[in-house]
Amino acid sequence: MSNETPVISNFIRTIINEDLKSGKREQVTTRFPPEPNGYLHIGHAKSICLNFGLATEYEGRCNLRFDDTNPVKEEDEYVVAIQDDVAWLGFDWGGEALFASDYFDQLYAWAIKLIKKGKAYVDSQSADEMRSNRGTLTESGTNSPYRDRTVEENLELFEKMKNGDFPDGAQILRAKIDMASPNMNLRDPAMYRIIHAHHHRTGDKWCVYPMYDFAHGQEDSIEGVTHSICTLEFEDHRPLYDWFLKELEIFAPQQIEFARLNLSYTVMSKRKLLQLVNEEYVEGWDDPRMPTISGMRRRGYPAAAIRQFCDRIGVGRGANWIDLSVLEDCVREQLNETAFRRQAVLNPLKVTITNFDKVEMLNAPNHPQQPDLGSRELPMSNELWIDRDDFMENPPSPKKYFRLGPEREVRLRNSYIIKCDEYITDEKGEVVELKCSADLDTLGKNPEGRKVKGIIHWVSAQHAQKVPVRIYDRLFNQENPDKASNYLEALNPESLQLTEAVVEPSLLKASQGETFQFERVGYFTVDSKDSKEGTPVFNRTVTLRDTWAKMK
RNA sequence: UGGGGCGUCGCCAAGCGGUAAGGCACUGGAUUUUGAUUCCAGCAUUCCCAGGUUCGAUCCCUGGCGCCCCAGCCA
């Protein structure tokens with residue numbers, strides 16, 4: 001059952017193939033390096049699939065490494081959630097997760113090495129002074145008055161920084177490169193800053209913490225990463241990444257940048273996702289409307305669908321904007337293969353079968369295309385619920401409209417053909433009940449002499465079970481929420497609608513996380529938080545493709 | 001206007017001097033007790049534009065145009 005898109009080449013594979021062929025590398029080691037300051041989202045999934053996928057393909061390894069260099073933003077809750085999500089996605093980092101904080105001693109020693117080489121200095125300027133001396137995009141910066149301190153002075157000051165002799169922001173360790181560089185990242189970038197904060201792993205051991213730029217390449221180097229894959233905005237950092245490695249004279253991984261994912265009708269920045277959670281626009285990181293891995297999992301998206309999506313969208317260096325429907329299609333494609341079929345009615349209309357006076361246990365397959373998946377019992381009786389959308393008082397021609405109308409015939413899914421003899425309306429003119437007669441000779445076979453094209457789903461009223469259903473829609477109603485003056489204004493007020501459905505009795509036994517196709521309606525997944533044994537709550541995962549709706 | 005990138009079908013994306021892969025979407029048509037699924041067929045004489053090199057250019061050169069990223073003691 002390999003319905004995942006076949007892998008096609010991309011520029012990263014090309015680079016790796018060349019490196020292997022030229023002998024520059026003998027094997028492939030990659031890494032996925034999240035900062036534990038939030039939950040993983042679909043954009044991370046792209047990176048995860050890329051990095052772990054490459055490792056699998058080239059029989060190398062991919063490390064899971066937490067880039068925990070900023071104690072004020074990072075928490076253990078995220079460390080746990082991230083590992084959970086990567087594993088759920090189906091990837092294995094072979095052993096224990098790694099942490100940048102495990103390398104703090106080495107990083108500190110390397111900082112001292114650079115000071116001794118005269119390549120780093122302690123600056124006593126304030127953040128504001130540093131900013132104004134950095135210059136602009138078109139004007140070069142100005143050297144710090146502290147730039148030429150002696151090695152001894154720098155060593156002593158850095159030691160004091162480490163010992164906690166200074167308050168936050170009082171001193172900073174900078175690389176001595178070039179304040180006139182057209183690349184802003186090379187204008188004496190910060191290496192170590194003072195932060196008196198409790199670190200989730202090292203506790204209060206440190207009051208100086210390395211900056212991303214001084215940490216990342218060295219972390220890669222320590223781990224023997226051959227290809228360090230990151231997103232495009234780090235491209236300008238690459239000369240700096242290479243500079244540290246060269247000055248430190250240590251193994252040099254190669255940084256390769258690719259374009260990050262943009263998905264329509266969603267936001268991807270962790271800052272914004274955090275705000276949605278903190279200000280309760282959603283019910284948490286795993287709210288089924290969130291573009292997080294955990295949200296999608298709870299919504300019922302299979303991991304295989306997310307992997308397929310990542311394969312399908314490819315990897316490139318140009319800005320790309322993927323439509324949400326591409327993801328939804330992957331979800332449908334996976335679920336179509338595996339989900340058991342059931343009958344459920346979301347908007348019930350009563351039907352009485354006038355010539356049917358018993359309860360009959362019908363047998364219905366769990367999956368019409370896969371008999372191996374077995375079947376279940378489906379009770380049929382003289383009072384049914386059908387969907388209101390399946391009846392029209394004044395339907396268009398039978399060639400255009402296959403469903404029920406006065407005098408029209410329709411197949412009850414997995415059951416008999418019925419004909420609408422009469423419909424009853426209330427004082428307001430609203431249809432409240434249909435009186436139909438069944439053709440008792442049509443169970444499991446077609447009638448002779450006529451074709452009945454329409455098929456509708458139904459549930460026996462006396463056997464029907466009521467269950468809560470949550471109808472989810474896109475979280476934002478603008479294609480690019482960031483285009484709005486404030487992305488919060490683009491929130492879709494109808495992204496969640498609570499309702500109920502009447503379902504066939506077998507559904508009461510559904511377990512948490514299980515996904516069903518409610519035939520002709522969509523895929524629904526038993527919520528893993530709010531469902532209890534025997535009382536499932538259903539999340540609508542995704543609708544079925546609906547060409548009829550498009551025709552209308 | 002400094003630097004770094006990118007520009008191939010509606011959306012992704014291969015190709016890297018030899019005459020435009022593939023996927024998704026879309027359009028027909030077949031099958032179907034889900035207007036679902038599945039199936040089969042169609043879908044860029046053209047690669048941002050203009051010059052140049054070449055027997056030959058999407059691929060090389062030059063000049064335009066358009067878009068993205070960079071001035072955190074964030075990552």
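Since the model is a prediction, treat every value here as computed from it, not as a measurement. Here is the naming used below: chain letters follow the sequence lines, and residue numbers restart at 1 for every chain.
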- Message: Categorize A:Gly454 for me: base, sugar-phosphate, or nothing, with a 4.0 angstrom heavy-atom threshold over every strand shown.
- Response: nothing
- Do any side-chain nitrogens or oxygens of A:Arg134 fall under 4.0 Å of OP1 or OP2 in B:C73? yes
- For A:Asn446 and for A:Tyr212, locate the closest nucleotide of RNA chain B by heavy-atom distance; then report the residue assigned to the nucleotide nearer the 5' terminus. A:Asn446
- Shortest non-hydrogen contact from A:Ile194 to A:Gln171? CD1-O, 3.7 Å
- Message: Any side-chain N or O of A:Arg520 below 4.0 angstrom from OP1/OP2 of B:G35?
- Response: yes
- Would you mind classifying the nucleic acid contact of A:His216 as base, sugar-phosphate or nothing, using non-hydrogen atoms under 4.0 angstrom? nothing
- Indicate, with a heavy-atom threshold strictly under 4.0 Å, whether A:Thr136 touches base, sugar-phosphate, or nothing. base
- Message: Taking donor-acceptor contacts at under 3.5 Å, does the side chain of A:Arg403 reach the base of B:G35?
- Response: yes
- Whole-Å P distance, B:A36 and B:A20: 36 Å
- For B:U1 and B:G66, measure between their P atoms and round to the nearest Å. 10 Å
- Message: To check you understand the geometry: which heavy-atom pair defines the closest contact between A:Arg31 and A:Pro33, and what is its length?
- Response: NH1-CG, 3.5 Å
- Item | Counterpart residues, side-chain contact (heavy atoms from CB on, under 4.5 Å), relative to A:Ile222 (two or more places apart) | A:Tyr103, A:Gln106, A:Trp110
- Message: Please classify the nucleic acid contact of A:Gly318 as base, sugar-phosphate, or nothing, using heavy-atom distances under 4.0 Å.
- Response: sugar-phosphate
- Message: Heavy atoms only, 4.0 Å cut-off, all strands: where does A:Gln517 land among base, sugar-phosphate and nothing?
- Response: base
- Message: I want to check one thing: is the phosphate of B:C24, taken as OP1 and OP2, less than 4.0 Å away from some side-chain N or O of A:Ser325?
- Response: no
- Message: Using a 4.0 Å heavy-atom cut-off, does A:Asp323 contact any base of the nucleic acid, only the sugar-phosphate backbone, or nothing at all?
- Response: nothing
- Task: Between A:Glu233 and A:Ala259, just flag the one whose closest nucleotide in RNA chain B comes earlier from the 5' side.
- Result: A:Ala259
- Of the candidates B:C73, B:A36, B:G5, the side chain of A:Glu235 sits closest to B:G5
- Any donor-acceptor N or O pair under 3.5 Å, side chains A:Thr525, A:Thr541: yes
- Item | Whole-Å P distance, B:C65 and B:U58 | 23 Å
- Message: Nearest whole Å is fine: how far is B:A36 C1' from A:Glu337 CD?
- Response: 13 Å
- Taking any strand in view, what nucleotide pairs with B:C43 in a Watson-Crick or G-U wobble way, both distances under 3.5 Å? none
- Task: Give one of base, sugar-phosphate or nothing for A:Tyr209, where a contact means two heavy atoms less than 4.0 Å apart.
- Result: nothing
- Task: Could you tell me which non-hydrogen atom of A:Pro481 sits nearest to which non-hydrogen atom of A:Tyr265, and how far apart they are?
- Result: CG-C, 4.3 Å
- Any idea how A:Trp206 and A:Phe104 line up, ring-wise: parallel (<30°), tilted (30 to 60°), or perpendicular (>60°)? perpendicular
- Message: For B:G4, does the base pair up with any side-chain atom of A:Asn183 as donor and acceptor (N or O, under 3.5 Å, distance only)?
- Response: no
- Message: So A:Phe234, base contact, sugar-phosphate only, or nothing? Heavy-atom distance under 4.0 Å.
- Response: base
- Message: Could you tell me how far apart A:Asp188 (CG) and B:C73 (C1') are, to the nearest whole angstrom?
- Response: 14 Å
- Task: With heavy atoms under 4.0 Å as the rule, sort A:Arg317 into base, sugar-phosphate or nothing.
- Result: sugar-phosphate
- With heavy atoms under 4.0 Å as the rule, sort A:Glu74 into base, sugar-phosphate or nothing. nothing
- Item | Phosphate-side-chain proximity, A:Lys550 and B:G35, N/O vs OP1/OP2 below 4.0 Å | no
- Query: Nearest to the side chain of A:Leu137 - B:U32, B:G35, B:A71?
  - Reply: B:A71
- Message: Quiz question: by atom type and distance under 3.5 Å, do the side chains of A:Asn183 and A:Ser181 form a donor-acceptor pair?
- Response: no
- Task: Using only heavy-atom distances, decide whether a donor-acceptor pair under 3.5 angstrom links the side-chain of A:Gln369 to the base of B:A36.
- Result: yes
- Message: It should be established whether A:Arg193 places a side-chain nitrogen or oxygen under 4.0 Å from OP1 or OP2 of nucleotide B:C74.
- Response: yes
- Query: Are any of A:Arg332's side-chain N or O atoms less than 4.0 Å away from OP1 or OP2 of B:A36?
  - Reply: no
- Sugar-phosphate, base or nothing in reach of A:Leu240, heavy atoms under 4.0 Å: nothing
- Message: Please classify the nucleic acid contact of A:Ile455 as base, sugar-phosphate, or nothing, using heavy-atom distances under 4.0 Å.
- Response: sugar-phosphate
- Any strand is fair game: report the nucleotide pairing with B:G66 by Watson-Crick or G-U wobble, both distances under 3.5 Å, or none. B:C6
- At under 4.0 Å between heavy atoms, what does A:Pro368 touch on the DNA or RNA strands: base, sugar-phosphate, or nothing? base
